[in-house]
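If you're wondering where the values come from, they're calculated on a predicted model, not measured in any experiment.
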Amino acid sequence: EMTAIGADALVFICSNINTVDSLTTKQVKDIYTGKTTTWDKVGGKNMPIIPYQRNKDSGSQTLFDKLINLGDDLMDAPKSQIVGSMIGLLEAVADYDNAEGALGYTVYYYLTNMESDKLSSSKILAIDGVAPTNESIASGEYPFVNDFYVVIPKDLPEDAPARILYNWIISEQGKALAEKENYVVKTSK
């Protein structure tokens, strides 16, 4: 038995001094396949795009692979542009010597709730004109959204502790706690 209880999103970040505020899905794909290599091709200054990636076994890379779906077309990044930790990627984009050209991706909740101090030197880009917010992620308007679920065996009796917890998590009280903790909560079962 499985119920989507919330959603998160893959977000793209760059330096807050970069003049680009939004990318299209096609532009993201073209950057990460190596077809687009300078910011002027996406509305910014004539300077190289430094597209950071995460290591292959990271959660954010798995999310990138699922939502961006480049498969074998994903460019091989130089080792210096593959970052082994989520905080490392945020620091690379926020603090890189040529930060204006850096581009990276991360998980919305992680950035906005656990590492929001990085937003003093970086910014989250809108995608296809939609800024990622709790509302645009919950509605699915933001394009790179991934649901998360609560799951139990279907045949659990009503008095089983896991079913009791499951029922509480999907209840209005459970949703209210998730919202209080700033998770994006799904509005329907």
Roughly how far apart are Asp30 CG and Leu70 CG, rounded to 0.5 Å? 9.5 Å

Go through the steps to decide whether Ile13 and Leu103 satisfy the test side chain to side chain contact (heavy atoms under 4.5 Å, CB included), and finish with yes or no. CA-CA 6 Å; Ile13 61 170; Leu103 177 67; over 6 Å; no

Kindly work out whether a path of hydrophobic side-chain contacts (I/L/V/M/F/W/Y, heavy atoms less than 4.5 Å apart) joins Trp168 to Val151. no

Between Val184 and Tyr149, is there a shared hydrophobic cluster once you connect ILVMFWY residues whose side-chain heavy atoms come closer than 4.5 Å? no

What verdict does the side chain to side chain contact (heavy atoms under 4.5 Å, CB included) test give for Tyr105 and Phe144, after you've listed the backbone C-alpha separation in whole Å, the side-chain angles of each residue and the deciding distance to 0.1 Å? CA-CA 11 Å; Tyr105 49 87; Phe144 301 135; over 6 Å; no

Please determine whether residues Leu156 and Ile5 belong to a single hydrophobic cluster, defined as Ile, Leu, Val, Met, Phe, Trp and Tyr linked transitively by side-chain heavy-atom distances below 4.5 Å. yes

Do we see a donor-acceptor contact under 3.5 Å between the side chains of Thr25 and Asp128? yes

Separation of Ile31 CD1 from Ile49 CD1 (nearest 0.5 Å): 4.0 Å

Between Ala9 and Ile137 the two heavy atoms that sit nearest each other are CB-CD1, 3.6 Å

Donor-acceptor contact present, side-chain Glu179 to main-chain Ala176, <3.5 Å: no

Should Val42 and Met47 be counted in the same cluster of Ile, Leu, Val, Met, Phe, Trp and Tyr side chains packed under 4.5 Å apart? yes

Rounded to the nearest 0.5 angstrom, the CD-CG distance for Glu1 and Asn167 is 7.5 Å

After noting the C-alpha distance and the side-chain angles of Ile124 and Phe12, does the key distance pass the side chain to side chain contact (heavy atoms under 4.5 Å, CB included) rule? CA-CA 6 Å; Ile124 302 173; Phe12 290 82; over 6 Å; no

Could you tell me which non-hydrogen atom of Leu125 sits nearest to which non-hydrogen atom of Pro132, and how far apart they are? O-CD, 3.7 Å

Distance from Leu23 atom CG to Lys29 atom NZ, nearest 0.5 Å? 13.5 Å

Would you please indicate yes or no on a ring centroid separation below 6.0 angstrom for Phe64 and Tyr32? yes

Heavy-atom donor-acceptor pair, Ser22 side chain to Ala126 backbone, under 3.5 Å: yes

Residues Asn46 and Asp40: closest non-hydrogen pair is OD1-OD1, 3.6 Å

Can a donor-acceptor pair be found, under 3.5 Å and without considering hydrogens, that links the side chain of Trp39 to the backbone of Gly101? yes

Between Arg163 and Asp159, is there a salt bridge with N-O shorter than 4.0 Å? no

Considering all heavy atoms, the nearest Lys175-Ile170 contact: CE-O, 3.5 Å

To the nearest 0.5 Å, tell me how far Lys66 NZ sits from Asn146 CG. 3.5 Å

When you look at Leu74 and Gln61, which way does the side chain to side chain contact (heavy atoms under 4.5 Å, CB included) test go after all the steps? CA-CA 11 Å; Leu74 177 63; Gln61 186 62 43; 3.7 Å; yes

Nearest 0.5 Å, what's the OG-OH distance between Ser171 and Tyr166? 12.0 Å

When hydrophobic residues are tied together by side-chain contacts of less than 4.5 Å, even through go-betweens, does Val150 share a cluster with Leu165? yes

Over all atoms of both residues, closest heavy-atom pair of Ala162 and Ile152: O-CG2, 3.9 Å

Any donor and acceptor pair, going by atom type alone, linking the side chain of Tyr183 with main-chain N or O of Asp8 inside 3.5 Å? no

Between Ser136 and Ser139: side-chain donor-acceptor atoms closer than 3.5 Å: no

Do side-chain atoms of Lys123 reach the backbone of Asn18 as a donor and acceptor pair under 3.5 angstrom? yes

Give a yes or no on whether the backbone of Leu10 and the side-chain of Tyr142 come within a donor-acceptor separation of less than 3.5 Å. yes

